[in-house]
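Below you'll find the structure, written out as structure tokens, and then a few comments.
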Amino acid sequence: MYRATGVDEKARNAMDRICGVGACWFSAVSLLLLYLIERVQGWLPLNPQKFAAVPTAFGLQQAASFTTTRTGRHIPAKPP
């Protein structure tokens with residue numbers, strides 16, 4: 001089928017790999033940026049309610065939850 005249509009199979013696989021790596025990098029950078037924003041929330045200039053910074057474990061869990069589910073809601077961690 002590829003030969004009949006003139007599609008280079010290897011070029012398509014390389015593009016899929018590039019897009020996959022790009023998506024992974026975007027998710028990783030988004031997670032780190034969101035975590036950083038949550039951790040320095042107390043010092044940000046547009047914080048009229050004077051909320052404190054989010055605790056470390058909660059901030060990482062919330063950033064990972066938001067980055068992977070894209071719903072914007074917090075999924076509570078189960079107690080040990």
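Along the sequence shown, residues are numbered consecutively beginning with 1.
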L60 side, atom CG; L32 side, atom CG - distance, nearest 0.5 Å: 9.0 Å
By side chain to side chain contact (heavy atoms under 4.5 Å, CB included) - contacts of V29 (at least two apart): none
Cluster check V40, F51: I/L/V/M/F/W/Y, side chain < 4.5 angstrom: no
Distance in Å, R39 CZ paired with L44 CG, rounded so as to fall on 0.5 Å steps: 12.5 Å
Side-chain donor or acceptor of S65 paired with backbone N/O of Q61 under 3.5 Å: no
Criterion side-chain contact (heavy atoms from CB on, under 4.5 Å) on Y35 and T56, from CA distance to verdict: CA-CA 9 Å; Y35 175 71; T56 304; 3.2 Å; yes
Heavy-atom pair with the smallest gap, counting every atom of L31 and T67: CA-OG1, 3.5 Å
